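One structure is given here, and the rest of the page talks about it.
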There are 2 protein chains.
Amino acid sequence: MTVSKRERQHAILELIGTREIASQEELRQLLLKKGWDVTQSTLSRDLRDLRVARVPSPQGTRYVAGDSGADDGSRAPLAGILPQLFLSLDGVGPMLVLKTVIGGAQPVASALDREASSDILGTIAGDDTILMICRSEQARERVARRLSTLAKRPR
Amino acid sequence: MTVSKRERQHAILELIGTREIASQEELRQLLLKKGWDVTQSTLSRDLRDLRVARVPSPQGTRYVAGDSGADDGSRAPLAGILPQLFLSLDGVGPMLVLKTVIGGAQPVASALDREASSDILGTIAGDDTILMICRSEQARERVARRLSTLAKRPR
DNA sequence: ACTATTAATGCATACTAATGCGATGCCCCG
DNA sequence: CGGGGCATCGCATTAGTATGCATTAATAGT
């Protein structure tokens, strides 16, 4: 039944927040004492649904209720988001400054980081501005050319 | 060899920060391409040492470099946290770009600020990247040398 | 009420990760 | 040199997690 599944998952989060649980079998035992009788299979699926992380350490591995795992747009490919968010591009020396719509800098910067171009030493992003440090002026020009091309592509 | 172990673990953190890695075997293959040839056993131990979390989700499980746990950051000395958080260092002109594990930039930058070196005009930190503006290229080289030394210190 | 459809599970098993143990390579001290 | 103390790592094996498939429920439509 649907309701009990939710309640069970809630109970799981409580247990995980309260104690140090090392395995699904251990979790199963604890749930048993609380009246829930399910198999390890179910727990595996519950933990996946809840995105509960398994963190190993020299003191043993433990389950921890994660960040919420909301993977918003932070995994979108550059080519997909740049046309929507891009505003302008300019630079000096080895630095490139890209402006985006408000709130657009973080997703664009994270897409940029993921591409791991050797032309870019790193990026720092605020809310609507990204500073890219390039390896050289030449590198900056290459990056600028590529970004303007990507930005102009209509989706 | 101690050195290669630490380097390998850094390579692991970089890979994990860049791609979606689902298993130790997959990680092993990626490391192989980078010239590291180790077994799954070793990766299991490395991931434990690094406290890398394994997070399941409906889209598949993946490894994510967690918070690194212990340090609450804001008052830790540079030498203490850098080895844990450091990923890479690079620069052009008077600028130095330091990459850290996700979430590591703020604590490192604040530790840097507290040292108040006259070689560094200032720092700007995002989530995993720090930009340092140095007084000169020579200053940048000094700072870079010092930071790599600190970063390599075994915990 | 009957059948189709979808969810939730258990079972058995495939897959993945952790670990006991021994081998190896260092480093240091006598 | 030679042996002790350490740390690292691979191999083999065990421990633990994920999943395909079948079953049972609950729900909806006619």
Side-chain angles (χ1 to χ4, degrees), chain A residues 1-17 19-66 69 71, chain B residues 1-13 15-17 19-66 68-69 83-84 151-155:
Chain A
M1 30 170 129
T2 300
V3 176
S4 73
K5 179 182 178 184
R6 284 223 175 81
E7 288 176 10
R8 184 187 63 230
Q9 295 193 342
H10 181 69
I12 289 174
L13 287 178
E14 276 190 22
L15 280 171
I16 285 173
R19 325 198 183 191
E20 306 241 310
I21 299 177
S23 72
Q24 297 180 3
E25 179 55 28
E26 183 181 342
L27 176 56
R28 199 176 77 77
Q29 300 296 344
L30 292 172
L31 284 170
L32 245 185
K33 291 183 187 168
K34 290 198 160 201
W36 303 101
D37 185 2
V38 293
T39 61
Q40 171 266 322
S41 313
T42 297
L43 295 185
S44 173
R45 293 185 269 242
D46 282 346
L47 292 173
R48 150 157 55 57
D49 293 348
L50 297 170
R51 288 177 154 74
V52 170
R54 190 160 175 265
V55 184
S57 84
Q59 294 76 46
T61 100
R62 296 290 178 272
Y63 282 97
V64 314
D71 220 330
Chain B
M1 186 189 294
T2 298
V3 175
S4 73
K5 178 183 178 185
R6 200 190 47 250
E7 288 177 9
R8 182 187 65 232
Q9 296 193 340
H10 275 147
I12 289 173
L13 288 176
L15 280 172
I16 285 172
R19 325 202 187 187
E20 306 234 321
I21 298 177
S23 71
Q24 297 179 3
E25 178 55 27
E26 183 181 342
L27 176 57
R28 200 177 76 78
Q29 300 295 344
L30 292 172
L31 283 170
L32 244 186
K33 292 183 188 168
K34 291 198 160 199
W36 302 100
D37 185 2
V38 293
T39 62
Q40 173 264 323
S41 314
T42 296
L43 296 185
S44 172
R45 292 185 268 243
D46 282 346
L47 293 173
R48 151 156 61 55
D49 293 348
L50 297 169
R51 290 177 157 71
V52 169
R54 188 158 177 265
V55 183
S57 84
Q59 294 77 47
T61 96
R62 57 176 165 292
Y63 284 95
V64 315
S68 78
Q84 290 286 330
K152 280 173 186 151
R153 189 140 76 191
R155 36 176 137 97

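Just so you know, these numbers use all the heavy atoms, side chains as well, and skip hydrogens, waters and symmetry mates. To find a chain, count down the sequence lines: A is the first, B the second, and so on, and within it residues start at 1. A quick note: this is a predicted structure, and the numbers were derived from the prediction, not measured.
Rounding to the nearest 0.5 Å places CG of A:Leu50 at 4.5 Å from CG of A:Leu13.
When every heavy atom of B:Leu30 is checked against every heavy atom of B:Arg19, the shortest pair comes out as CD2-NH1, 3.4 Å. The two residues A:Asp37 and A:Arg28 come nearest to each other via the heavy atoms OD1-NH1, 3.9 Å. The two residues B:Leu47 and A:Pro56 have their closest heavy-atom pair at O-CG, 3.8 Å. Looking at every heavy atom in both residues, B:Glu7 comes nearest to B:Trp36 through CB-CH2, 3.6 Å. The shortest heavy-atom contact between A:Ile16 and A:Tyr63 is CG2-O, 3.5 Å. B:Glu25 and B:Gln29 make their closest contact through OE2-NE2, 2.8 Å (heavy atoms, listed as atom of the first residue, atom of the second, distance).
For B:Arg45, counting side-chain heavy atoms from C-beta on, the closest listed nucleotide (C:dC21, C:dA17, D:dT17) is C:dC21. Closest to the B:Ser41 side chain, of the nucleotides C:dT16, C:dT19, C:dT9, is C:dT19. Taking only side-chain atoms of A:Ser23, from C-beta outward, the nucleotide of C:dT16, D:dT17, D:dA18 with the closest atom is D:dT17. Nearest to the side-chain atoms of A:Arg8 among the listed nucleotides D:dC9, C:dT9, C:dG10 stands C:dT9.
Just one of B:His10, B:Lys34, B:Glu26, B:Lys33 meets the side-chain contact (heavy atoms from CB on, under 4.5 Å) condition when paired with B:Leu15; it is B:Lys34.
Between the P atom of C:dC26 and the NZ atom of B:Lys5 lies a distance of 16 Å, rounded to the nearest Å. Rounded to an integer number of Å, the gap from B:Glu7 CD to D:dT8 C1' is 15 Å. Following rounding to the nearest Å, B:Leu27 (CG) and C:dT16 (C1') show an atom-to-atom distance of 13 Å. Distance CG (A:Asp46) to C1' (C:dT9): 10 Å, rounded to an integer number of Å. Taking atom CG of residue A:Asp49 and atom P of nucleotide C:dA8, one finds them 8 Å apart after rounding to whole Å. Atom-to-atom, CZ of B:Arg6 to P of D:dA7 comes out at 16 Å; the value is rounded to the nearest Å. Taking atom CZ of A:Arg48 as the reference point, atom P of C:dT9 lies 12 Å away to the nearest angstrom. Separating the CG atom of A:Leu47 from the C1' atom of D:dT17 is a distance of 10 Å, rounded to the nearest angstrom.
In the interface, the side chain of A:Glu25 is not paired with the base of D:dA15 through any donor and acceptor atom under 3.5 Å apart.
Using a 4.0 Å cut-off, some side-chain N or O of B:Arg54 falls inside it from OP1 or OP2 of C:dA17. Using a 4.0 Å cut-off, no side-chain N or O of A:Ser44 falls inside it from OP1 or OP2 of D:dT17. Taking side-chain N and O atoms only, B:Thr42 has a distance below 4.0 Å to OP1 or OP2 of D:dG10. Taking side-chain N and O atoms only, A:Tyr63 has no distance below 4.0 Å to OP1 or OP2 of D:dG16. When the side-chain nitrogen and oxygen atoms of A:Gln24 are compared with OP1 and OP2 of D:dA18, one or more of them lie within a distance under 4.0 Å.
Taking a 4.0 Å limit (strictly below) on heavy-atom distances, residues 28-35 of chain A does not reach DNA chain D anywhere.
Comparing B:Val38 and A:Gln40, the nucleotide of DNA chain D nearest to each residue sits closer to the 5' end for B:Val38.
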